[in-house]
Trainee: 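I'd like to ask some things about the structure below.
Note that these values count all heavy atoms, side chains included, but never hydrogens, waters or copies made by symmetry.
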Amino acid sequence: MDIKDEKNHVFNIRLAKCAGLYQLLDPRTTKCLGRNVYHTALTFILMYICTISVMLTVSCSYYCKENMSICLEDLWKLETALFIIYKMWIVIHHSNDIWNCLSITWYGFTSSFSFQKRHILDRWRKRSMRFSTLFAFTYLFCLAIFAGLTQTFRNDITPVKNRDGSVGYYRQNIMNFYIIVSDETYNTYYNTFCFAEALFTSSLAMLFLVFDILLVTLCFAICGQMEMICSTFESVGHKSICDSRSPIDYTVVEKKRLSNEHELIYNELKTIIIDHQKVMKKYEDFLALFEKVMLLQIFVSSLSLILIWFIFIMILYGVDIVVASEVTTLKMLSLIFSFSFQIFMVCYLFGNLHNQKDSIIFSLYSSNWTEMDMKYKKLILLTMKVNNAHYKKLRFTRTNIVNLEMFFKTMGNCYTVISVLIKQIKSKNE
């Protein structure tokens, strides 16, 4: 893949190179001691995030009784940090497999591609470009909110109750890692801690962006190739078989010509089926690589949403064990859109994939199979059976498929949990 050939790929190559995704996956990237230098750099970043995660774990246990808001806030930071470590481990460990999967982004991946059908892949390429740019804007927006609010209210003081009953007065910072040192030391070396927390926040935002660009690219590329296969299936037999006369009226020459046409169409169908199997193989490879992490992402994002709403509601109702500044509250609210958008995008992307996979059956029905001989019809039937029997979908359970319907169910479940928490808080206050 070359940026000069970007218009022939369903891939925002320019953005992928800016984010470092392209270099992480490209086997031609510069190596040091036999390892991709970007893998080495990413490993050091993940080690830093892992170190912060250990401190967040200590913080959760330290503040769990005296300051519930800090405990819950550190909890969602912890699970977000651990989740991004897991995501990036998949990218590093399976970089060669992912690079092979990305071959499906090329317009000429199948022999079914033609300039007459280029508009199909062009449409999916535009979607991929738009959505990957939207992801970049979303994460940069949240990052700007965190940094902007911190700089605006950097002199605000937040009281933090310790386990021994004392109260520390800390200045407002990006992530507010109060567990590291006392308030006096924290405020004295504020700029140092600000840099460390900014590095942590920027790393999370960039790594989430890297993974989501990869996800959007593969989903839309597979959808585009599937739609092109469907379009090719639908056109089979319609261009050649146009004589509606009864076979009884055919002369020997006409019957021979028709037999040759049937044979050509049969060979064309076999070529399309081979292309279909190539695309489905990439689809299955994609699911094998990302199935677990996508299901986990829906769970983690839902849990983060519930935690953020829970903290916000307890602040509104003035629960004694929850003390948070207005700046911290605004930061948490800015994340609600980000986590909701993550759940929506996973459900939307895989919903598209499943719809395109199912449309293969209807495209086979749309071919001119009624005018074909029995050999052709048997091959059509076999293709339908193979499509239904062997190509799986992303599921939470046997009946719960990941699509837009699941997004609304997930949001409903989050609302239900939050409603129960509100009732509990109301009953205690009364």
Side-chain angles (χ1 to χ4, degrees), residues 19 42-64 68-92 135-136 138-147 149-150 173-180 196-215 290 292-312 324 327-347 410-411 414 417-418:
L42 180 57
T43 302
F44 281 109
I45 294 173
L46 294 180
M47 288 172 63
Y48 173 68
I49 295 175
C50 188
T51 303
I52 298 294
S53 300
V54 173
M55 291 189 293
L56 289 172
T57 305
V58 175
S59 179
C60 286
S61 59
Y62 182 82
Y63 288 115
C64 63
M68 184 59 71
S69 62
I70 293 181
C71 176
L72 293 176
E73 188 181 346
D74 287 345
L75 182 60
W76 72 256
K77 292 173 188 174
L78 173 62
E79 47 107 1
T80 302
L82 293 177
F83 186 48
I84 198 62
I85 291 172
Y86 174 56
K87 278 184 168 183
M88 289 301 105
W89 176 82
I90 288 176
V91 172
I92 293 174
F135 268 116
T138 301
Y139 292 123
L140 291 177
F141 172 76
C142 289
L143 193 60
I145 290 290
F146 268 63
L149 288 173
T150 299
N173 214 327
I174 295 178
M175 298 300 284
N176 298 329
F177 293 150
Y178 299 140
I179 189 63
I180 304 173
E197 295 179 20
L199 179 61
F200 176 77
T201 310
S202 302
S203 299
L204 288 183
M206 286 304 298
L207 295 181
F208 268 111
L209 176 60
V210 163
F211 191 88
D212 289 340
I213 291 173
L214 177 61
L215 177 66
F290 295 100
K292 292 180 181 178
V293 71
M294 287 300 98
L295 297 177
L296 190 58
Q297 176 157 325
I298 295 175
F299 173 77
V300 170
S301 298
S302 302
L303 179 60
S304 298
L305 273 178
I306 292 170
L307 286 173
I308 292 170
W309 274 113
F310 184 45
I311 297 170
F312 180 65
V327 180
T328 302
T329 305
L330 288 173
K331 287 179 181 178
M332 287 189 293
L333 286 177
S334 70
L335 291 172
I336 291 175
F337 169 74
S338 178
F339 286 120
S340 301
F341 183 64
Q342 279 188 349
I343 300 172
F344 170 78
M345 282 306 301
V346 173
C347 295
T410 303
M411 292 295 102
C414 290
V417 173
I418 293 166

Trainee: Quick test of your reading: applying side chain to side chain donor-acceptor pair (under 3.5 Å), list the pairs with at least one residue in residues 202-212, sequence neighbours left out, ordered by first then second residue.
Mentor: Y139-D212

Trainee: If every non-hydrogen atom of T410 is compared with every non-hydrogen atom of S302, which pair is closest and at what distance?
Mentor: CG2-OG, 3.1 Å

Trainee: Is there a side chain to side chain contact (heavy atoms under 4.5 Å, CB included) between F83 and F211 once you walk through the steps?
Mentor: CA-CA 12 Å; F83 186 48; F211 191 88; over 6 Å; no

Trainee: So, taking the atom named CD1 in I84 and the one named CZ in F208, what distance separates them when rounded to the nearest 0.5 Å?
Mentor: 4.5 Å

Trainee: Got L207 and L42 here, is their nearest side-chain heavy-atom distance under 4.5 Å?
Mentor: yes

Trainee: Name all pairs fulfilling the side chain to side chain donor-acceptor pair (under 3.5 Å) condition that reach into residues 43-60, sequence neighbours left out, sorted by first residue then second.
Mentor: S59-D74

Trainee: Atom CD1 of I174 and atom CG of L143: how far apart are they, to the nearest 0.5 Å?
Mentor: 7.5 Å

Trainee: Rounded to the nearest 0.5 Å, what's the gap from OG1 on T80 to CG on L75? Could you check?
Mentor: 9.0 Å

Trainee: Sequence neighbours excluded, which residues qualify as side chain to side chain donor-acceptor pair (under 3.5 Å) partners of E79?
Mentor: S304

Trainee: Does F135 have any ring pair (Phe, Tyr, Trp, His ring centres under 6.0 Å) partners at least two apart in sequence or in another chain, and if so, which?
Mentor: F341

Trainee: So, do F344 and F339 have ring centers that fall under 6.0 Å from each other?
Mentor: no

Trainee: Can you name the nearest heavy-atom pair linking A81 to L204, along with the distance?
Mentor: CA-CD2, 4.2 Å

Trainee: I'd like to check the side chain to side chain contact (heavy atoms under 4.5 Å, CB included) partners of I145; sequence neighbours left out, ordered by chain and number.
Mentor: F141, L149, S334

Trainee: Which atom pairs, donor and acceptor, lie under 3.5 Å between side-chain atoms of residues 293-301 and protein residues at least two apart or in another chain?
Mentor:
unit_1: Q297; atom_1: OE1; unit_2: K87; atom_2: NZ; d: 2.5
unit_1: S301; atom_1: OG; unit_2: Q297; atom_2: O; d: 3.0
unit_1: S301; atom_1: OG; unit_2: Q342; atom_2: OE1; d: 3.0

Trainee: State the SG-CG distance between C60 and L78, to the nearest 0.5 angstrom.
Mentor: 5.5 Å

Trainee: How about I90 and K292: do any of their side-chain heavy atoms sit closer than 4.5 Å?
Mentor: no

Trainee: Using a 4.5 Å cut-off on heavy atoms from C-beta on, say whether the side chain of L305 contacts that of I343.
Mentor: yes

Trainee: Would you indicate whether the side-chain heavy atoms of I52 and E197 approach each other to under 4.5 Å?
Mentor: no

Trainee: What is the distance from atom CG of L214 to atom CG of L209, rounded to the nearest 0.5 Å?
Mentor: 11.0 Å

Trainee: Rounded to the nearest 0.5 Å, what separation is found between the OG atom of S340 and the CE atom of M345?
Mentor: 13.5 Å

Trainee: Counting only heavy atoms from other residues, nucleotides and ligands, does the tally under 6.0 Å from CH2 of W76 exceed 12?
Mentor: yes

